[in-house]
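Because the structure is predicted, anything quoted here is derived from the model rather than measured. Below, chain A is the first sequence line, B the second, and so on; all start at residue 1.
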2 protein chains.
Amino acid sequence: MAQNDILTWQSIHAEILRRISTRVWAPGAQLPKDVELAAEFGCSRSTINRAMRELADAGLLDRRRKAGTRVALHPIRKATLEIPIVRRDVEARGGIYRHQLLGREVTIAPLLITSKLGLETGAEMLHLPALHFSDGAPYMVEDRWVNPAAIPAILEVEFTTTSANEWLVQNAPLTTGDISFSATNATAQQAGMLQATEGDALFAIERSTWVDDVAVTNVRMTYAHGFKMHTQL
Amino acid sequence: MAQNDILTWQSIHAEILRRISTRVWAPGAQLPKDVELAAEFGCSRSTINRAMRELADAGLLDRRRKAGTRVALHPIRKATLEIPIVRRDVEARGGIYRHQLLGREVTIAPLLITSKLGLETGAEMLHLPALHFSDGAPYMVEDRWVNPAAIPAILEVEFTTTSANEWLVQNAPLTTGDISFSATNATAQQAGMLQATEGDALFAIERSTWVDDVAVTNVRMTYAHGFKMHTQL
DNA sequence: AAGTGGTCTAGACCACTGC
DNA sequence: CAGTGGTCTAGACCACTTT
């Protein structure tokens, strides 16, 4: 029943997935060891390994040396969503992109920012608030703080054509970071900039990034009312 | 400079990442072909392949047959976030979980639901609204519609101890789906259930799932005010 | 048509971990 | 200590794309 003609790791992946779905292997159940499966499918162990690894990465299998492979008790679904780069996001939705820098000054950063980035209180940072448009309509407000100590070059850049977002993506070798998504009520100021009503529910993304433990930037992006982030499972 | 003593695909992955970060290979630049890199690092092509594949999956490299490998122009960051299973989510945050079924009837589903799932208008579905608590405080309101044709067994289940969410995860072999995240203002009803104020910005997740093109369920989960979804990059 | 990445194999050794 | 998955290799063939 297993010996299909074409044996790719993907077909094995699919077959294992099928057996999990149809509860041939129920949650918590132990799977045959790799060698046995290789024998059953008539392929090499590497191929089995590849298929199983994908499933383990996806959170559907639990693999441990010596203990073997089991179907995860709680098949955690992981959604991989692409962090939107504003310009691409807007253009992907068919809009014409434009952005406007609202300020640019080096000042003492708010405690809220420095603490999130792990910088000492009272550190000076480059503040770059900006507004992004889609087809002329406000799309997103960006409140960005950059640590000039991490990227001195940024002090020289004019952000007229390139946004800070894009410049950083191209020039800051970002390696680690964390990100959070939330909902907030529009402040009067945000409402004004986003052509919304004060109190409107707005989708916000906040991101902090570091390079080798050196804080680079913290940015809070607040989207216009009605924004949705969408992805496949 | 490359011949380190221990050659794992991870060390090569790290080294390539380093070269991208330090702009040895700038965005858009072409990398040596796999065979050449294998020679440089003194390892087999498979190992190079593994390292490069991870980077390509992460969106940092662009690999195409015959065209070779390039550093992605727009290093898209992909965040993999785990879709929260309420109970685990609450418990992970240190709370005691409890849930309460608010209704359970088979009725004609709203057009909004049937159209999203691709079911015919006027189809009958099982409606399962529920409220989830953390330490006795309302945590999330769930508005779920299940297609009984896809899972007849669900009609027999009492959802007193197990939530529909958990039962489905265990029993519905979910294969495909889509999910969206948004911000909405609390309706009077939601405000009442979540101990919030009408108009409060609430974080909402909406998910639809199918098994082999058969619609299984659509669920809208609206979280209490202040909820954040967090992940690492 | 030719070049480059994608994948498979068979065998080997290693690293973790449960007994 | 012994069993199981993790990874590496060398070589081969295939699939996709660009020229």
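One atom, CG of B/N49, and another, C1' of C/dG5, lie 7 Å apart when rounded to the nearest Å. The distance between atom NE2 of A/H13 and atom C1' of C/dC8, rounded to the nearest whole Å, is 18 Å. Distance CG (B/D34) to C1' (C/dG6): 10 Å, rounded to an integer number of Å. Here the P atom of nucleotide C/dG18 and the CG atom of A/D62 are 11 Å apart, to the nearest Å. For the pair A/R65 CZ and C/dC14 C1', the interatomic distance rounds to 8 Å; values are reported in whole Å. In this structure, the NZ atom of A/K66 is 11 Å from the C1' atom of C/dC16, given to the nearest Å. The NZ-P distance, from A/K33 to D/dA2, rounds to 15 Å in whole Å.
Checked against A/Y139 for a side chain to side chain donor-acceptor pair (under 3.5 Å), the options A/R93, A/H132, A/R98 give a single hit: A/R93.
If you check distances only, the side chain of A/R50 never reaches the base of C/dG6 with a donor-acceptor pair under 3.5 Å. Contact of B/R53 with C/dT7 (side chain to base): no donor-acceptor pair of N or O atoms is detected under 3.5 Å.
Residues A/R144 and A/T217 bring a donor and an acceptor atom of their side chains to less than 3.5 Å of each other.
Using a 4.0 Å heavy-atom cutoff across all strands shown, A/S46 reaches at least one base atom of the nucleic acid. Residue contacts for B/E36: at a heavy-atom cut-off of 4.0 Å it reaches no nucleic acid atom on any strand shown.
Among the nucleotides D/dT18, D/dG6, D/dT9, the one closest to any side-chain atom of A/R63 is D/dG6. Listed nucleotides C/dG3, D/dA12, D/dT4 differ in distance to B/R45; the shortest reach to its side chain belongs to D/dA12. In the set C/dT9, D/dT18, C/dG5, the nucleotide with an atom closest to the side chain of B/T69 is C/dG5.
Taking only side-chain nitrogens and oxygens, A/Q10 never comes nearer than 4.0 Å to OP1 or OP2 of C/dG6. The shortest distance between the side-chain N/O atoms of B/S44 and the OP1/OP2 oxygens of D/dG11 is not below 4.0 Å.
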Point to revise | side chain to side chain contact (heavy atoms under 4.5 Å, CB included) between B/R70 and B/L31, worked out | key: CA-CA 6 Å; B/R70 295 174 167 283; B/L31 271 63; 5.9 Å; no
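Take the nearest nucleotide of DNA chain D for B/W9 and for A/R64: the residue whose nucleotide is more 5' is A/R64.
Interatomic distance, A/R87 CZ to A/I96 CD1, rounded to the nearest 0.5 Å: 12.0 Å.
Considering all non-hydrogen atoms of both residues, A/G28 and A/L73 come closest at CA-CD1, 3.8 Å.
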